[in-house]
Amino acid sequence: MKKADDVLTNIEAPVEEKKCCCSQKKLRIGIIGTGWIADSHIMSYKNQPDAEIVAGADLIPGKADAFFKKHGMEGVRTYPDHLSMLQNEELDAVSVCTYNATHAVCTIDALNAGVNVMLEKPMCVTLEEAVAICKAEKASGKVLSIGFQPRFDANMQMIKKIVESGELGQIYYIQTGGGRRRGIPTPFGTSFIEKETGALGALGDIGCYSLDMVLNAIGYPKPLTVTGYTSDFFGKNPATYADRGHPEYAEKFGVDDFAAAFVRLEGGIILDFRIAWAMNINTPGDTIILGTKGGLRIPSTDCWNGTVGGAMTIYHEVAGAQTETTVPIIENKGPGLFEKKIRSFMDACYAGGPAPVPASQILYNQAILDGINRSAKLGREIEIEIPEI
């Protein structure tokens with residue numbers, strides 16, 4: 001007879017993958033966009049002895065030169081745009097670290113040039129862009145991985161293991177989300193909050209992570225319908241930026257600072273979602289996954305940091321008695337999550353695939369983000385139609 005203590009032993013713990021460094025051939029890497037997220041990319045590449053950063057591109061004059069100088073790489077060739085870099089360099093791979101609004105064009109151009117792509121999140125802005133990216137990937141035969149480093153957290157992997165173990169039974173309802181009490185990202189200017197560059201706010205910045213945590217765990221079922229809501233009460237308020245000395249940022253704010261949605265997924269699963277850059281509460285609630293045999297509670301974090309907020313709890317019956325099983329926090333060993341993301345991408349480039357975080361999955365993630373935006377503008381539920389790639 002199964003006991004509560006036996007539950008975790010029946011769920012295979014995530015195994016730390018051991019990757020081999022393919023040092024016989026260095027991958028020639030280019031960086032498209034040299035803003036703050038590119039810092040994490042280049043530092044991770046510099047820790048890989050089989051990566052050679054050879055070029056970078058940025059639309060702002062002098063920015064790429066200053067970026068590589070800051071990282072002690074003054075010999076790297078720089079270009080005023082991604083196309084000129086792709087045309088003049090023999091690259092094996094690029095990291096796309098540009099504004100959300102230009103993710104699609106940079107990725108498609110790189111794939112069309114026969115270059116593997118590590119694309120930062122969010123994948124893009126619209127469903128149409130995501131479809132175009134997937135079509136370019138298919139035509140190119142190259143590796144395209146999306147930058148969801150939380151996938152490499154052992155605790156995130158445990159969530160998927162729990163669901164796949166059957167311990168929860170058939171999944172029918174999920175509540176997820178997260179956010180910050182105050183956390184509109186403007187420490188480096190307004191590129192995150194302007195419509196022309198960011199295009200998506202909290203939805204694209206941290207909402208994509210929250211969706212991936214649960215959708216990956218349940219096998220990424222296709223989204224069918226969305227009822228979405230977005231707001232910008234904090235972003236449009238000059239008082240929000242009083243401590244930063246930039247009340248004028250309120251006039252530039254053109255994205256969402258809060259979003260919520262009710263999503264119907266294939267398999268009869270309901271997804272109740274909310275995300276925030278700013279709100280009058282510390283968290284919109286824990287993530288819960290409900291199944292016909294048990295439920296899983298995943299504690300939230302005050303600010304999304306790529307992992308869970310504490311020990312998880314499985315609520316289920318053992319020998320006919322209602323009981324709870326605590327799932328302790330797992331310590332992540334080895335390199336940081338971001339470096340694991342880069343290493344796994346490089347390994348996929350050597351092997352010719354598969355992508356560690358495949359675009360075919362994140363296409364559904366992007367369809368939900370796009371659906372929330374469109375539904376919010378229309379003020380009604382909409383159907384999500386995803387064409388065959």
Side-chain angles (χ1 to χ4, degrees), residues 27-48 51-113 115-125 129 133 145-147 149 184-201 204-205 241 244-246 248-249 251-255 277 338-339 341-342 345-346:
L27 290 181
R28 294 169 59 83
I29 308 294
I31 307 292
I32 302 177
T34 55
W36 71 271
I37 194 61
D39 287 322
S40 296
H41 281 256
I42 196 169
M43 287 188 289
S44 295
Y45 281 123
K46 286 175 70 175
N47 286 337
Q48 314 306 316
E52 181 183 7
I53 308 292
V54 299
D58 200 289
L59 297 174
I60 300 176
K63 188 175 180 180
D65 290 318
F67 171 79
F68 289 113
K69 181 178 180 180
K70 177 179 70 174
H71 288 282
M73 304 178 71
E74 297 184 51
V76 175
R77 293 177 291 278
T78 59
Y79 296 87
D81 58 78
H82 72 284
L83 280 176
S84 58
M85 183 181 76
L86 293 170
Q87 291 166 356
N88 288 282
E89 297 285 343
E90 294 184 3
L91 300 171
D92 296 303
V94 295
S95 276
V96 174
C97 307
T98 61
Y99 306 134
N100 296 345
T102 56
H103 278 190
V105 62
C106 293
T107 299
I108 291 170
D109 287 342
L111 291 169
N112 288 344
V115 178
N116 300 299
V117 178
M118 164 54 69
L119 171 58
E120 255 308 323
K121 60 79 188 171
M123 184 178 184
C124 50
V125 177
E129 287 179 341
I133 288 173
S145 190
I146 315 300
Q149 64 270 11
I184 295 176
T186 55
F188 305 104
T190 58
S191 61
F192 266 98
I193 67 172
E194 292 191 59
K195 185 68 175 177
E196 294 74 17
T197 51
L200 296 172
D205 183 30
Y241 313 99
R244 306 172 203 181
H246 291 285
E248 73 278 7
Y249 283 0
E251 298 179 4
K252 298 182 178 183
F253 197 91
V255 295
W277 269 346
F338 210 100
E339 187 169 331
K341 173 174 78 173
I342 294 298
F345 168 64
M346 291 181 60

**Student:** Evaluate side-chain contact (heavy atoms from CB on, under 4.5 Å) for Leu119 paired with Ile133, printing each intermediate quantity in order.
**Tutor:** CA-CA 11 Å; Leu119 171 58; Ile133 288 173; 4.3 Å; yes

**Student:** Go through the steps for Val255 and Leu200 under the test side-chain contact (heavy atoms from CB on, under 4.5 Å), then give the verdict.
**Tutor:** CA-CA 6 Å; Val255 295; Leu200 296 172; 5.8 Å; no

**Student:** How are the rings of Phe192 and Trp277 set relative to one another: parallel (under 30°), tilted (30 to 60°) or perpendicular (over 60°)?
**Tutor:** perpendicular

**Student:** So, does Asn116 use its side chain to make a donor-acceptor pair with the main chain of Asp92 at under 3.5 Å?
**Tutor:** yes

**Student:** With a 4.5 Å limit on heavy-atom distance, are the side chains of Lys341 and Met118 in contact?
**Tutor:** yes

**Student:** Is it true that, when you exclude Tyr99 itself, more than 12 heavy atoms of the residues, nucleotides or ligands shown sit nearer than 6.0 Å to its OH?
**Tutor:** no

**Student:** Any idea which heavy atoms bring Val96 and Cys106 closest together, and the distance?
**Tutor:** CG1-CB, 4.0 Å

**Student:** List the steps and the verdict of side-chain contact (heavy atoms from CB on, under 4.5 Å) for Tyr79 and Glu89.
**Tutor:** CA-CA 10 Å; Tyr79 296 87; Glu89 297 285 343; 2.6 Å; yes

**Student:** What are the two closest non-hydrogen atoms of Ala110 and Val94, and how far apart are they?
**Tutor:** CB-CG2, 3.8 Å

**Student:** Let me confirm one number: the CD1-OG1 distance from Ile193 to Thr186, rounded to the nearest 0.5 Å.
**Tutor:** 6.0 Å

**Student:** Verify salt bridge (charged side-chain N to carboxylate O under 4.0 Å, His left out) between Glu196 and Lys252, making sure each step is shown before the conclusion.
**Tutor:** CA-CA 10 Å; Glu196 294 74 17; Lys252 298 182 178 183; over 6 Å; no

**Student:** Roughly how far, to the nearest 0.5 Å, is OG of Ser44 from CD1 of Ile29?
**Tutor:** 11.5 Å

**Student:** I need the minimum non-hydrogen distance between Phe345 and Ser145, along with the two atoms involved.
**Tutor:** CD1-CB, 4.1 Å

**Student:** Return the minimal non-hydrogen interatomic distance between Thr197 and Ser191, and the atom names on each side.
**Tutor:** OG1-O, 2.7 Å

**Student:** Are the side chain of Arg28 and the backbone of Val54 linked by a donor-acceptor contact shorter than 3.5 Å?
**Tutor:** no

**Student:** Rounded at 0.5 Å granularity, tell me how far CD in Glu120 sits from NE2 in His41.
**Tutor:** 3.5 Å

**Student:** Once rounded to the nearest 0.5 Å, what's the spacing between atom CD1 of Ile42 and atom CG of Asn47?
**Tutor:** 11.0 Å

**Student:** Atom CD of residue position Glu251 - does it have more than 12 heavy atoms of other residues, nucleotides or ligands inside 6.0 Å?
**Tutor:** no

**Student:** Show the nearest heavy-atom pair for residues Cys124 and Glu129, with the distance to one decimal.
**Tutor:** CB-OE1, 3.4 Å

**Student:** Can you tell me how far apart OG1 (Thr107) and CE (Met123) are? Round to the nearest 0.5 Å.
**Tutor:** 8.0 Å

**Student:** Can you tell me which residue among Asp39, Thr78, Asp58, Thr98 is in a side chain to side chain donor-acceptor pair (under 3.5 Å) with Thr34?
**Tutor:** Asp58

**Student:** Give me the atom names and distance for the closest heavy-atom approach of Gly33 to Cys97.
**Tutor:** O-CB, 3.5 Å

**Student:** Measure the OG-CD1 distance between Ser95 and Ile342 for me, rounded to the nearest 0.5 Å.
**Tutor:** 4.5 Å

**Student:** Backbone N or O of Asp205 within a donor-acceptor pair of the Lys121 side chain at under 3.5 Å?
**Tutor:** yes

**Student:** Evaluate whether atom NZ of Lys70 has more than 12 neighbouring non-hydrogen atoms of other residues, nucleotides or ligands under 6.0 angstrom away.
**Tutor:** yes

**Student:** Applying side-chain contact (heavy atoms from CB on, under 4.5 Å) to Tyr45 and Met346, what does each step give before you reach the verdict?
**Tutor:** CA-CA 9 Å; Tyr45 281 123; Met346 291 181 60; 4.1 Å; yes

